[in-house]
Amino acid sequence: MDFGYTEEQLMIQEVARRIAQEKIAPSAEGFDRSGEFPLDNIRLLGENGLMGIEVPGEYGGAGMDPVAYVLAMVEIAAADAAHSTIMSVNNSLFCNGILTHGTEEQKQAYVRPIAEGAEIGAFALTEPQSGSDATSMRCRAAKQADGSFLINGKKSWITSGPVAKYIVLFAMTEPDKGARGITAFLVDTARDGFHRGKTEPKLGIRASATCEIEFQDYVARAEDVLGDEGHGFKIAMGVLDAGRIGIASQAIGIARAAYEATLSYVRERKAFGQPIGAFQMTQAKIADMKCKLDASLLLTLRAAWLKGQGKRFTTEASVAKLTASEAAMWIAHQAVQIHAGMGYSKEMPIERYFRDAKITEIYEGTSEIQRLVIARHETGLR
Ligand SMILES: CCCCCCCC(=O)SCCNC(=O)CCNC(=O)[C@H](O)C(C)(C)COP(=O)(O)OP(=O)(O)OC[C@H]1O[C@@H](n2cnc3c(N)ncnc32)[C@H](O)[C@@H]1OP(=O)(O)O
């Protein structure tokens, strides 16, 4: 067992940390207030290999392993969670599925522009009536005589939906077959029949744009099918396994930022004649924060390592995501409590960490879904 990082992993961590500290952290508060999409920063991340960390160089990426992805995500999320949300969708949800299931032409056409940061990608699984219960989707892709598909339906909560050039879409091709009737498609948002709805006003990750999208007689050509027909649900689940490592990493970044700010504060802030960090009640909180942070990172690195080894990592990704997201929420909550009035004020980033942490317990599978995945695996029952 080796707890060290390779030179390559340390290098991408350093690149991410530099951009995070020099460009993202100073602008995070402004983007949070305005809700503006941070396009220039996203392009910069792409130019530095951070939009396709695991994408091989031949498709425009950095060609690194999942552990490197975790390290980079943590750095970006510690500066601003919204940036890391956009990064996670591009890397995990968009590029991953195409790399695993796409044709050579699809990889060149769709992965390269996203990995290089020239375009933004999105992933459309959720619908207004189906979130956790993904197989209940209603978006319909009807096969035509010429092999193309006519797509009609709505998808909701689409991260980067307002700005995405390409989308990995899941639609029902054979509604009678349930999970086995779902097919994945690659959508070009510039084509006829694609429409965007209003951008959602959100509690946190405000600079990550989210909207509903609608398909009205959108024509997907036969070559736009990703993987085999009827295999879309498995593709979605496999992609989400990888995505959950990204969200766990994001949660760790938010938690680390909240923890580090709290450490500084408890050393400086005095009450009753001593730094508040000297009180045992504060020390107990600091110790618990540290334990949850370390446990989250180690569990996330385990899932990433398994992925890098080509082994199954579904349960480990859920364990990591569940642990890290609940830790982030708890740590951010304690950070607000220890900062008291200053934690509640927009003068400091603590309240932003608190708002941003919440989404990690919701998207890419709620905490309840993670528990279900883990418990089904452990018990063999469902
Ligand atoms: C800013 C705010 C944004 C908020 C919204 C963000 C948008 C998102 O987060 S998108 C993603 C959110 N949605 C989810 O994460 C979906 C959650 N649901 C799930 O994970 C699944 O539906 C889950 C776990 C409940 C299982 O569903 P269930 O319907 O019981 O399917 P199940 O019977 O287990 O599996 C169906 C098939 O898929 C396969 N499968 C299941 N899991 C996997 C997997 N991890 N990998 C590969 N295949 C899998 C099964 O083997 C089975 O195959 P077969 O038919 O050959 O036996």
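Here the structure is a predicted model, which is why all the values come from computation and not from measurement. Whatever order the structure lists them in is the order used to number ligands and atoms, beginning at 1.
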Asks: Among all protein heavy atoms in this structure, tell me which lies nearest to atom 47 (C) of ligand 1, with the distance rounded to 0.1 Å.
Replies: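 For atom 47 (C) of ligand 1, the nearest protein heavy atom is Lys234 O, 3.9 Å.
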Asks: Give the residue and atom name of whichever protein heavy atom lies nearest to atom 3 (C) of ligand 1, and the separation in Å to one decimal.
Replies: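 Of the protein heavy atoms, Tyr363 CD2, 3.8 Å lies nearest.
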Asks: Using modelled atom types and a 3.5 Å cut-off, is there a donor and acceptor pairing between side-chain atoms of Lys143 and backbone atoms of Phe149?
Replies: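 No: the side chain of Lys143 does not pair with the backbone of Phe149.
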Asks: Could you name the option among Arg312, Arg244, His377, Lys202 that has the heavy atom nearest to atom 1 (C) of ligand 1?
Replies: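 Answer by nearest heavy atom: Lys202.
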Asks: Check each atom of ligand 1 against the heavy atoms of Thr314 and keep those under 4.0 Å away; list them by number with element.
Replies: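 What qualifies from ligand 1 is 45 (N).
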Asks: Considering heavy atoms of the protein only, find what lies nearest to atom 12 (C) of ligand 1 and give residue, atom and distance to 0.1 Å.
Replies: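 Nearest protein contact, heavy atoms only, for atom 12 (C) of ligand 1 is Gly365 N, 3.8 Å.
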Asks: For the pair Arg221 and Asp224, find out whether any cationic side-chain nitrogen is under 4.0 Å from an anionic carboxylate oxygen.
Replies: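 Yes, charged N to carboxylate O under 4.0 Å.
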Asks: Identify the protein heavy atom lying closest to atom 2 (C) of ligand 1, giving its residue, its atom name and the separation to 0.1 Å.
Replies: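 Of every protein heavy atom, Ile359 CD1, 3.6 Å lies nearest to atom 2 (C) of ligand 1.
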Asks: Just need the protein heavy atom nearest to atom 24 (C) of ligand 1, so name the residue and atom and give the distance.
Replies: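 I find the closest protein heavy atom is Val373 CG2, 3.8 Å.
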Asks: Mind checking whether Arg352 and Asp80 have side chains closer than 4.5 Å, heavy atoms only?
Replies: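 They are in side-chain contact.
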Asks: Quick test: of every protein heavy atom, which one is nearest to atom 13 (N) of ligand 1, and how far off is it to 0.1 Å?
Replies: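 Looking at atom 13 (N) of ligand 1, the protein heavy atom closest to it is Gly131 O, 3.8 Å.
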Asks: Can you confirm whether the side chains of Asn152 and Asp217 place a donor and an acceptor under 3.5 Å from each other?
Replies: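 Judged by distance alone, the side chains do pair up.
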Asks: If we set the cut-off at 4.0 Å for heavy atoms, which region of Ile362 has an atom near ligand 1: side chain, backbone, both, or neither?
Replies: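 It is neither; nothing of Ile362 touches ligand 1.
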Asks: List every atom of ligand 1 that sits less than 4.0 Å from any heavy atom of Trp157, numbering the atoms from 1 in the order shown and giving each element.
Replies: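 In order of number, 2 (C), 4 (C), 5 (C), 6 (C), 7 (C).
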Asks: Does any N or O of ligand 1 fall below 3.5 Å from an N or O anywhere on Arg180, backbone included?
Replies: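 Yes.
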Asks: Return the option from Ser132, Gly204, Gly243, Ala179 holding the heavy atom at the smallest distance from atom 17 (C) of ligand 1.
Replies: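 Heavy atom nearest to atom 17 (C) of ligand 1 belongs to Ser132.
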Asks: What class does the angle between the rings of His333 and Phe354 fall in, given that below 30° is parallel, 30 to 60° is tilted and above 60° is perpendicular?
Replies: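 Geometry flag for Phe354 against His333: tilted rings.
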Asks: Examine the side chains of Ser130 and Asp133 and answer whether a donor and an acceptor come within less than 3.5 Å of each other.
Replies: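 Result is no, nothing qualifies.
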Asks: Please report whether atom 50 (C) of ligand 1 has a protein non-hydrogen atom at a separation of less than 4.0 Å.
Replies: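 False for atom 50 (C) of ligand 1.
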Asks: In this structure, which one of Lys358, Lys292, Arg371 forms a salt bridge (charged side-chain N to carboxylate O under 4.0 Å, His left out) with Glu326?
Replies: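 It is Arg371, the one option of Lys358, Lys292, Arg371 that forms the salt bridge (charged side-chain N to carboxylate O under 4.0 Å, His left out) with Glu326.
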Asks: Distance to 0.1 Å, residue and atom name: give those for the protein heavy atom nearest to atom 35 (O) of ligand 1.
Replies: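 Nearest protein contact, heavy atoms only, for atom 35 (O) of ligand 1 is Phe233 CE2, 3.9 Å.
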Asks: Would you tell me whether Thr85 and Tyr363 have side-chain atoms, one donor and one acceptor, within less than 3.5 Å of each other?
Replies: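 There is such a pair between these side chains.
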Asks: Does ligand 1 have any atom that is closer than 4.0 Å to a heavy atom of Arg382?
Replies: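 Arg382: in contact with ligand 1 (<4.0 Å).
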Asks: Between the side chains of Arg302 and Thr300, does any donor sit under 3.5 Å from an acceptor?
Replies: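 No pair is found: no donor N or O on one side chain lies under 3.5 Å from an acceptor on the other.
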Asks: Against heavy atoms of Leu240, which atoms of ligand 1 measure under 4.0 Å?
Replies: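 Once the distances to Leu240 are compared, the set is 11 (C), 14 (C), 15 (O).
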Asks: Which of the atoms in ligand 1, numbered in the order shown and given with their element, are less than 4.0 Å from a heavy-atom of Arg376?
Replies: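 Here the atoms of ligand 1 in question are 26 (C), 30 (O), 34 (O).
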Asks: In the structure I gave you, are the side-chain heavy atoms of Ile286 and Tyr259 within less than 4.5 Å of one another anywhere?
Replies: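 The answer is yes, as the side chains (C-beta and beyond) meet within the 4.5 Å cut-off.
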Asks: Closer than 3.5 angstrom, by distance alone: can the side chain of Glu127 be matched with the main-chain N or O of Cys139 as a donor-acceptor pair?
Replies: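 The answer is yes, because a donor-acceptor pair under 3.5 Å joins these two groups.
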Asks: Under 3.5 Å, is there a donor-acceptor pair between the Glu361 and Ser325 side chains?
Replies: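 No, because no side-chain N or O of Glu361 sits under 3.5 Å from a partner of the opposite role on Ser325.
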Asks: Mark up the atoms of ligand 1 that fall under 4.0 Å of a heavy atom belonging to Thr210, in ascending order.
Replies: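 Answer for ligand 1: 1 (C).
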Asks: List ligand 1 atoms under 4.0 Å from Asp241, heavy atoms only on the residue side.
Replies: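 Per the distance check, 44 (C), 45 (N), 46 (N).
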Asks: For atom 43 (C) of ligand 1, what's the nearest protein heavy-atom neighbour? Residue, atom name and distance, please.
Replies: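 Ranked first by proximity to atom 43 (C) of ligand 1 is Met237 CB, 3.3 Å.
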